[in-house]
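The basis for the numbers below is simple: all heavy atoms, side chains too, and nothing from hydrogens, waters or symmetry mates. Please read these numbers as outputs of a predicted model, since none were measured by experiment.
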Amino acid sequence: MQLREILGKYPKTEDYLIEILLDYQKTKIHHYLSEEELKEIAEHLNISESKVSSVMTFYTLFSMKPKGQYVIQICHDVPCYVNDQNSILKTLTNLLNIQVGETTEDKMFTLEYTSCLGACDKAPAMRIGEKTFTALTPNKVKAILAEYRGKKHA
Amino acid sequence: MVKIKINNKEVNVKTNTTILDAAKENGIDVPTLCYYPDLHINSDCRICSVEVEGSKNLLTACSTPVKEGMVIRTNSSKVLNARKTITELILANHDTNCTACVKNMKCELQSLANQLGIDENRFPSVLKQQDVDDQNPSIYRNPNRCIKCGRCVDVCKDVEGTHVLETMFRGHDVQVTPKYGKFLSDEDCTFCGQCSSVCPVAAITEKDDSIRVLDALNNPDIHVIVQVAPSIRVSIGEEFGELSGGEWTGKLVTALRSLGFDKVFDTDFTADLTIIEEGHELLHRVQTGGKLPMMTSCCPGWINYAEQKYPEMLEHLSTCKSPQQMFGSLAKTYYAQSEKLDPKNVYVVSIMPCTAKKYEAAREEMQVHENIPDVDAVLTTRELGKMIRQMGINFKELPNDEFDNPFGITTGAAAIFGATGGVMEAALRTVSEVVNKEPLESLDFKDVRGMQGIKEAEVELGGAKVRVAVAHTLKHAKQLTDQIKEGTSPYAFIEVMTCPGGCIGGGGQPYGTTNEKRQERINATYQLDSEMPLRKSHENPYITEIYEKFLKEPLGELSHTYLHTHYKPRGKLK
């Protein structure tokens, strides 16, 4: 969807800034907004770019750098930690050949930490896009990644 | 009125007073850090925390209104411990190399640490070193000293409406910067320096040019002259403790002579000259159907703003250079010739209330001789104060002295340039007499005086009624400029000053500038004007002389070469 269309969906007030940013970022395959696009949003809402920048840099779910097509978020809280999240993380960094915060060369995956996903009863957990995976084991992670890689070639 | 108990003392205070004000009224000092008079109350530093009976948590005195029967403790050990911990935490994320800092002994954080008795910090430093922002001639921003109090954001956003600075990022990574962590020179910053004026530490200061000036003063081959802006004489006293209010022209001249300047001149002289040129320009525009309203051009912050934000409206700006730059170009031409000096060896220093003047002096169009700036260095009031202290000059004890000629005889009209509405009033005094061809009954145009954001007046010029307006702060200037853009402006002439109160409230003025201080300086300015023997620019005998000897006529060929400039749309002020 074009930015213009999304802007047209909302009342022209700064109260809707976050909704607009979220909505538009969702349409982007690499989950980021450029400075030019943010400038257009600021001008549309008649607010300063500093204001938009302040919001963008505050929330971790907004990005100004391109991310991988699939963003893998691995839980960084205690219940997952005590359930051997470490081996899951190792499996991911080995298979993807990147560290947390990085993106694979083929721009397919980005690996990030996230706060609690609310799946403590089935720890350890991670999320890819909007889908949550629980009770992870290294083998399960391998299979999940293979499935996502397969999607690319499908 | 409500009855409250504060540190065991029962007092009556006005309803809706904050605890902070109630304490102050009763002689109790509650320390603050993010709080600044006239600005938005953020209450995010928590330094002014006090204990209120019945409240589980400490409350911030700056933002909590008093209530009937409130029992407040401003200095219990719980309160003092909290303040101490907060200060230690701030210090753990601050460049504490205090002796190598321009704000040493003037820093609010340092005083607070001292007051709270912080002899050592229990917390190790967590400061992540970041790059300083020094890519412009006016403002120096050192993020390693920033304590995130938000005062600069409030002044930039709410007072000026420019909103270049904002709080970015989150948690421990929070920074106060232009958008996305860029430099000021990447942004539409006007370099007004209001941020530097309210910064409690030295995270934002003017760029220091005092060393350059000292070098020039110590060079025997260079003839160093200085000009002093109108507003310095009513504020410089504040740099030396108790000398607040009043005017200090005589001591100021002596201090500058003691610093070693070869000649001490007055920017008021070229302020008078500005009135003659700008007044004639206004008449010319009115009589020939030129672009109206005409807007004043002496404020460099406003010029930067207009070039950035209103590139299509630059024809409304008077083409007159500012008094600082008129002085510079005359110093390197008329003065150098009459003193038989090579302009290369004449070094012009300005003492200005302003950080944007540093940018103005560095503009490439401000050079009558190629590669020789008309004004070589600009010092703020604060930098001058620092130099006077450095040189061991006891300002308070100095005798009075007078400016040198030919740029030393000035008028009351020039003196009021420093206050909002002053340029307008000075222009009206001259323009009315030139057009109406009879002396004015009263020289005081009181409608254009005072701290109101936008002021207007109606004056009679040659039988026709003309409306004029005055705006200070860019927020108010924007309103008047947007009106012109929409074609609904009823005015013929508009004065714009970037800083609240005009130059007397400039970004380079002594620390502690509040609206109350501004009013004091304004009062001193009009007092000075009322006591001057000459109060109209066109009555200045040296102005008459400089036209006879050099410039020939207002708006003439030489005026155009030396006293007028041009504007261009400016993306970034690199």
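- Heavy-atom minimum distance, Thr57(A) versus Phe169(B): OG1-N, 2.8 Å.
- No more than 12 heavy atoms of other residues, nucleotides or ligands sit less than 6.0 Å from atom NZ of Lys90(A).
- Heavy-atom contacts from other residues, nucleotides or ligands closer than 6.0 Å to NZ of Lys26(A) number 12 or fewer.
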- With side chain to side chain contact (heavy atoms under 4.5 Å, CB included) as the test, would you mind laying out the steps for Met168(B) and Phe58(A) before giving the verdict? CA-CA 7 Å; Met168(B) 306 288 162; Phe58(A) 182 84; over 6 Å; no

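- Atom CG of Asp158(B) has more than 12 heavy atoms from other residues, nucleotides or ligands within 6.0 Å.
- Just one residue in the list Ser54(A), Ser48(A), Ser50(A) forms a side-chain hydrogen bond (donor to acceptor under 3.5 Å, both in side chains) with His163(B), and that residue is Ser48(A).
- Sparse packing is recorded around NZ of Lys478(B), with 12 or fewer heavy atoms of other residues, nucleotides or ligands lying under 6.0 Å away.
- Using a 4.5 Å cut-off between heavy atoms, Lys157(B) makes no contact with chain A at all.
- Counting non-hydrogen atoms of neighbouring residues, nucleotides and ligands closer than 6.0 angstrom, the OH atom of Tyr81(A) reaches no more than 12 such neighbours.
- Contact residues of residues 35-46 of chain A toward chain B are Glu35(A), Leu38(A) (heavy-atom distance under 4.5 Å).
- Around atom NE2 of His30(A), more than 12 heavy atoms belonging to other residues, nucleotides or ligands sit under 6.0 Å away.
- Crowding of Lys309(B) atom NZ: a count of heavy atoms from other residues, nucleotides or ligands under 6.0 Å not exceeding 12.
- Heavy atoms closer than 4.5 Å to chain A are found in the backbone of Val164(B), but not in its side chain.
- No more than 12 heavy atoms of other residues, nucleotides or ligands sit less than 6.0 Å from atom NZ of Lys122(A).
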- Message: Evaluate Ser53(A) against Glu166(B) for side chain to side chain contact (heavy atoms under 4.5 Å, CB included), listing each step before the verdict.
- Response: CA-CA 8 Å; Ser53(A) 163; Glu166(B) 185 47 275; over 6 Å; no

